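Working notes, beginning with the structure itself.
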Amino acid sequence: MPRKLSRKRPALVVHGGAGALRGVDYGREVTHMRGLVELGRDLLAGGASALDAAVAVVAEMEASGLYVAGRGASPNEGGLYELDAAVMDGATQGAGAVAALQGFAAPIRVARAVMEKSRHVLFAGTGAARFAREQGMTPIADPERWFTRVGYETPAGTLETGTVGCAALDKRGRLAAATSTAGVFRKAVGRVGDSPIVGAGVWADRTVAVSCTGTGEMFVRCAAAAQLAFRLRLGRQSLARAASAVLTEVKALGGNGGLIALTSQGEIAMPFNSYGMKRAALTIEGEIIAEVARR
């Protein structure tokens, strides 16, 4: 007889970036993140997979224009909008990603299509755009009207980031993670950070799902997301200790940021070592948290 799958209480964690600036009111983002958690809760309660929930939440964040991802993307130094996204399914360790994608509205859905409709993990640049077009993804008809940060300038002396991400646990105990970004404001043309790099900005296996935000180069250099997972699985560390150790290594390399992590047992971590982080969660007890945490 087939083995009966155990039922678990679903959980969800969301971040809107560890680049929260001093003196900025993020009330709209907090309200929006609470609504996203409620959306994820309802999807998971209705039997949606962790992958479905994570992608749906991140797609909503991309479409909102409130974060430096998707519609709210910041342009690079050439005035172009190059978007990155990645998704990973913990049950299969399937993964898909796009980097420096131009011209399409929902990079996270393109990343999922890479995972499910191709034999590859990562498409970049013109190859990513061609794949998105072949898959019938929604194009951006008029970038000047679609992007919300056209002509936008950050305050002097700041470097704005706003990567978004979601980690989800469904009723069947499956995990998934999704991450999307436009990268730092005025980044170099063609620059790719950690967000679309599996193991750096995103990871999911049968133990934990992770999405990272911050100084991407340093997260790449220490394989932040996968390192956390390996600390749990191979090093037998607690979630809190593993997450803290990863951010300590990021800081030692000269970077900062944060991450969200969710285990198959419903444990949640949302640490950061930057000034502030936009974050929200649904615990397995059903409690909803939505806040901009500051140091």
Side-chain angles (χ1 to χ4, degrees), residues 17 51-52 54-89 94-152 160-166 176-202 211-213 216-217 219-220 225:
L51 179 63
D52 287 340
V55 170
V57 166
V58 169
E60 288 292 326
M61 298 182 87
E62 291 174 334
S64 72
L66 294 175
Y67 314 91
V68 190
R71 195 174 185 191
S74 55
N76 62 23
E77 63 183 7
L80 304 174
Y81 293 86
E82 294 184 325
L83 310 182
D84 306 329
V87 64
M88 192 164 184
D89 181 4
V98 289
L101 173 68
Q102 294 186 47
F104 290 86
I108 198 63
R109 296 199 185 280
V110 184
R112 181 174 184 173
V114 173
M115 179 180 74
E116 296 179 335
K117 304 295 175 101
S118 83
R119 56 191 176 89
H120 304 297
V121 168
L122 173 64
F123 283 106
T126 57
R130 181 175 66 181
F131 176 80
R133 189 163 48 249
E134 291 171 349
Q135 296 300 314
M137 296 294 169
T138 303
I140 299 169
D142 185 353
E144 291 299 309
R145 296 185 63 181
W146 193 79
F147 286 105
T148 63
R149 294 175 188 264
V150 173
Y152 176 82
E160 178 156 352
T161 62
T163 299
V164 303
C166 179
T179 307
S180 181
T181 194
V184 296
F185 189 77
R186 295 296 182 191
K187 67 184 181 182
V189 175
R191 179 264 188 186
V192 176
D194 64 308
S195 295
I197 307 300
V198 174
V202 69
S211 175
C212 299
T213 170
E217 284 74 7
F219 281 79
V220 171

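A quick note: this is a predicted structure, and the numbers were derived from the prediction, not measured. The basis for the numbers below is simple: all heavy atoms, side chains too, and nothing from hydrogens, waters or symmetry mates.
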**Asked** Does any pair with a residue in residues 108-126 pass side-chain hydrogen bond (donor to acceptor under 3.5 Å, both in side chains), and if so which ones, sequence neighbours excluded?
**Response** D52-R112, R112-E116

**Message:** By the ring pair (Phe, Tyr, Trp, His ring centres under 6.0 Å) test, which pairs, at least two apart or in different chains, include something from residues 55-77?
**Reply:** H32-Y67

**Prompt:** If you round to the nearest 0.5 Å, how far is CD of E62 from OG1 of T181?
**Reply:** 10.0 Å

**Prompt:** Under a 4.5 Å cut-off applied to non-hydrogen side-chain atoms, are D89 and M115 in contact?
**Reply:** yes

**Message:** Walk me through whether V198 and V121 qualify under side chain to side chain contact (heavy atoms under 4.5 Å, CB included).
**Reply:** CA-CA 9 Å; V198 174; V121 168; 4.2 Å; yes

**Request:** Considering non-hydrogen atoms only, spot the tightest contact between A182 and L83 and give its length.
**Result:** CB-CD2, 3.8 Å

**Asked** If you take all heavy atoms of Q102 and A129, which pair is closest and at what distance?
**Response** O-CB, 3.9 Å

**Request:** Grab the two heavy atoms, one from A99 and one from P196, that are nearest each other, plus how far apart they are.
**Result:** CB-CG, 4.1 Å

**Request:** State, to 0.1 Å, how close S180 and V58 come at their nearest heavy-atom pair, and which atoms those are.
**Result:** CB-CG1, 3.8 Å

**Message:** Using the rule given for side chain to side chain contact (heavy atoms under 4.5 Å, CB included), can you reason through I140 versus F147, listing the C-alpha separation, both sets of side-chain angles and the distance that settles it, and then say yes or no?
**Reply:** CA-CA 9 Å; I140 299 169; F147 286 105; 3.8 Å; yes

**Prompt:** Which heavy-atom pair separates V164 from A69 by the least distance, and what is that distance?
**Reply:** CG2-CB, 4.0 Å

**Complete:** When rounded to the nearest 0.5 Å, the distance separating CG of L122 from CG of D84 is 9.0 Å

**Prompt:** At what distance, to the nearest 0.5 angstrom, does CZ of R191 lie from CD of E77?
**Reply:** 11.5 Å

**Message:** Side chains of T179 and S195 only: does a donor on one sit below 3.5 Å from an acceptor on the other?
**Reply:** no

**Pairs touching residues 127-137 that satisfy side-chain hydrogen bond (donor to acceptor under 3.5 Å, both in side chains), sequence neighbours left out** = none

**Complete:** Between the CG atom in N76 and the NZ atom in K187, the distance rounded to the nearest 0.5 Å is 6.5 Å

**Message:** Show, in sequence, the C-alpha distance, side-chain angles and deciding distance for V114 and F131, and conclude whether the side chain to side chain contact (heavy atoms under 4.5 Å, CB included) test is met.
**Reply:** CA-CA 8 Å; V114 173; F131 176 80; 3.5 Å; yes

**Request:** Working to the nearest 0.5 Å, report the span between CZ of R71 and CH2 of W146.
**Result:** 6.5 Å

**Prompt:** So, does E82 use its side chain to make a donor-acceptor pair with the main chain of G190 at under 3.5 Å?
**Reply:** yes

**Prompt:** Nearest heavy-atom pair of A225 and G201: which atoms, and what distance?
**Reply:** CB-C, 4.2 Å

**Prompt:** If you measure from CD on E217 to CG on D194, what distance do you get to the nearest 0.5 Å?
**Reply:** 8.0 Å

**Item:** Note, L51 side chain near V87 side chain (heavy atom, < 4.5 Å)
**Value:** yes

